[in-house]
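Inspection log for the structure reproduced underneath, given as structure tokens.
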Amino acid sequence: MVGRHAFRGLRTAEHVFAVPLDHGRPEGELIEVFAREYVSAAHPPEASEKLPWLLFLQGGPGGRGNRVTSLSGWMKAAAADFRILMLDQRGTGLSTPADRSTLPLRGAPAEQSDYLTHFRADSIVMDCEAIRHELGSGPWTVFGQSYGGFCTLTYLSLAPQGMRRALITGGLAPLDGPAERVYRATYGRVAARNEQYFGWYPDDRPTVSAVVEHLRDHDERLPSGERFTPERFQLVGNLLGGNTRVDTLHYLLEDAFTSAVGGPRLSDSFLAQVQSLVSRAPNPLYALMHEAIYAQGEASDWAAWRVLEQHPEFRPDGAEPLLLGEMVMPWYFEQDPALVPLAQTAELLARRSDWGPLYDTGRLALNDVPAAAAVYHDDIFVDRTLSLETADRVRRLEVWETEDFHHDGISDDGEGIFARLLGMAEPDAPAPS
């Protein structure tokens, strides 16, 4: 434990754990995993030590644990009955980070690629089990959002004995099949979300087209200095993936242009906001590992880029290109300064075909851990159809499908969603036949 703090109705404790880089070789190299414990100040210190643990696995890949300054939403609901443990998953935040500065310390791109094979859900789950034992906890409740839900399914596959219950929001991954299955489904959902958005804000359609055309013909620079390109602008479409964020896209676009000597230019305000949306400097593992999280026994081979050929409506050289979702393209590693030094490593990861399995479908079919999942009907990041296919293959998994929320549902009504899923995953409830 490296620190304790109390503020705004909560207490935190900061932990650093040493875990094997390769859990198959526990005697080998160790890395650090950082975790922060959150407890409501409504529980006296002595009583809080007796609360059961809830492990939260955040979205990503490549996102660090949430840093919160007060208990609200799902955390407020959970803190009534649990101690919450929030990880920086390996390679993120304060957990032996993997980025353009640290990865070259591993050696050439080939060595970096080999190193990163230990940064998927299977390794994250084994980190969690090592941490659970270190904390002296019995089986705990695991709550996974988005990619955290993928990790939760892996947890049910590899170490169900460590789980009392599993809760998943927007994170039922396909259990098998190539990565392009995901993008064949999600391109259609992103296109539909574009249509819905431009129905709400019809004046934004010509604005988006004007920005793309302007970027084709003008040298505009982001605050960090690199050229701003049409395809990079399309990444602001990530805002389409949530009810709590989608309308901020309109506010972003409303001051896109400003008057300047020589004609209209993109405004400094717009460029500064865009920088925070399109840079992978805070989470380079997102770009490096995004397709690898689907790979099992085959290469991902830039699946999203290949499937794009079937969706010309997203091409940046089109008359009215649509905005993209979370697809990762090879040009990321040519245009984002945080990723340029990692281009060869990314290429090697895309070509790897020796990825091991992430799920044990036989064990999931016999699962005895109570589980509940929220499936968002129009989720543009985790396809509903693929999610329901997975749900049918996991015993004791109860599904709540809803049209009321998008991928960011727990930011919209986290308290209500958490309470509903917790009630669905009662450990003592009889298993369905």
Taking the side chain as everything from C-beta on, heavy atoms only, tell me whether [X] gets closer than 4.5 Å to [Y].
{"X": "Ile131", "Y": "Trp53", "answer": "no"}
{"X": "Val236", "Y": "Val278", "answer": "yes"}
{"X": "Val382", "Y": "Phe150", "answer": "yes"}
{"X": "Ile31", "Y": "Val19", "answer": "yes"}
{"X": "Trp355", "Y": "Leu349", "answer": "yes"}
{"X": "Arg25", "Y": "Glu27", "answer": "yes"}
{"X": "Tyr197", "Y": "Val208", "answer": "no"}
{"X": "Leu240", "Y": "Val246", "answer": "yes"}

Have His23 and Asp127 got a donor and an acceptor in their side chains that come within less than 3.5 Å? yes

At what distance, to the nearest 0.5 angstrom, does [atom1] of [X] lie from [atom2] of [Y]?
{"X": "Ile410", "Y": "Phe56", "atom1": "CD1", "atom2": "CZ", "answer": "4.5 Å"}
{"X": "Ile417", "Y": "Asp404", "atom1": "CD1", "atom2": "CG", "answer": "9.0 Å"}
{"X": "Tyr155", "Y": "Tyr359", "atom1": "OH", "atom2": "OH", "answer": "15.5 Å"}

What is the ring orientation for [X] with [Y], classed by angle as parallel under 30°, tilted 30 to 60°, or perpendicular over 60°?
{"X": "His311", "Y": "Tyr187", "result": "parallel"}
{"X": "Phe119", "Y": "Tyr115", "result": "tilted"}
{"X": "His250", "Y": "Tyr201", "result": "parallel"}
{"X": "Tyr294", "Y": "His290", "result": "perpendicular"}
{"X": "His407", "Y": "Phe381", "result": "perpendicular"}

Donor-acceptor pair, distance only, cut-off 3.5 Å: does the side chain of [X] make one with the backbone of [Y]?
{"X": "Gln234", "Y": "Phe314", "value": "yes"}
{"X": "Arg184", "Y": "Gln310", "value": "no"}
{"X": "Glu426", "Y": "Pro370", "value": "no"}
{"X": "Arg420", "Y": "Ala374", "value": "no"}
{"X": "Arg8", "Y": "Thr69", "value": "yes"}
{"X": "Gln273", "Y": "Ser269", "value": "yes"}
{"X": "Ser40", "Y": "Ala79", "value": "no"}

Please check if atom [atom1] in [X] has more than 12 non-hydrogen atoms from other residues, nucleotides or ligands closer than 6.0 Å.
{"X": "Arg4", "atom1": "CZ", "result": "no"}
{"X": "Gln344", "atom1": "CD", "result": "no"}
{"X": "Gln196", "atom1": "CD", "result": "yes"}
{"X": "Arg315", "atom1": "CZ", "result": "no"}
{"X": "Glu195", "atom1": "CD", "result": "no"}

Looking at every heavy atom in both [X] and [Y], which two are closest together, and how far apart are they?
{"X": "Val340", "Y": "Gln335", "value": "CG2-N, 4.3 Å"}
{"X": "Asp336", "Y": "Ala281", "value": "OD2-N, 4.5 Å"}
{"X": "Leu285", "Y": "Gly91", "value": "CD1-O, 3.7 Å"}
{"X": "Thr154", "Y": "Ala121", "value": "OG1-CB, 3.6 Å"}
{"X": "Ala304", "Y": "Glu291", "value": "N-OE2, 2.9 Å"}

Arg11/Ser48 under side chain to side chain donor-acceptor pair (under 3.5 Å): CA gap, chis, key distance, verdict: CA-CA 10 Å; Arg11 295 190 302 275; Ser48 67; 3.3 Å; yes

Show your working on side chain to side chain contact (heavy atoms under 4.5 Å, CB included) between Val369 and Arg396 and close with a plain yes or no. CA-CA 7 Å; Val369 177; Arg396 293 204 74 174; over 6 Å; no

Check against side chain to side chain donor-acceptor pair (under 3.5 Å), Thr141 and Arg165: CA-CA 5 Å; Thr141 296; Arg165 60 170 74 80; 2.7 Å; yes

Whether [Y] and [X] form a salt bridge (side-chain N of Lys/Arg under 4.0 Å from carboxylate O of Asp/Glu) is what I want to check.
{"X": "Arg189", "Y": "Asp383", "value": "yes"}
{"X": "Arg384", "Y": "Asp378", "value": "no"}
{"X": "Arg106", "Y": "Asp114", "value": "no"}
{"X": "Arg67", "Y": "Asp88", "value": "yes"}

Take Thr92 and Asn283 through the test side chain to side chain contact (heavy atoms under 4.5 Å, CB included) and record every step on the way to the result. CA-CA 7 Å; Thr92 75; Asn283 55 346; over 6 Å; no

Please determine whether side chain to side chain donor-acceptor pair (under 3.5 Å) holds for the pair Glu389 and Thr385, giving the CA-CA distance in whole Å, both sets of side-chain angles, and the decisive distance to 0.1 Å. CA-CA 6 Å; Glu389 174 191 294; Thr385 302; over 6 Å; no

Under the side chain to side chain contact (heavy atoms under 4.5 Å, CB included) rule, what do Leu135 and Trp140 come out as? Steps first, then yes or no, please. CA-CA 11 Å; Leu135 293 173; Trp140 53 11; 4.2 Å; yes

Go through it in stages, so that I can follow the logic: the residues are Val190 and Tyr183, the test is side chain to side chain contact (heavy atoms under 4.5 Å, CB included), and I'd like the CA-CA distance, side-chain angles, deciding distance and then a yes or no. CA-CA 10 Å; Val190 177; Tyr183 301 107; over 6 Å; no

Is the His5 to Phe7 ring centre distance short of 6.0 Å? no

For Tyr286 and Glu326: C-alpha separation, side-chain torsions, deciding distance, then whether side chain to side chain donor-acceptor pair (under 3.5 Å) applies. CA-CA 10 Å; Tyr286 178 93; Glu326 62 176 6; 3.1 Å; yes

When Leu342, Leu348, Leu103 are each screened for side chain to side chain contact (heavy atoms under 4.5 Å, CB included) with Ser113, the one that passes is Leu348

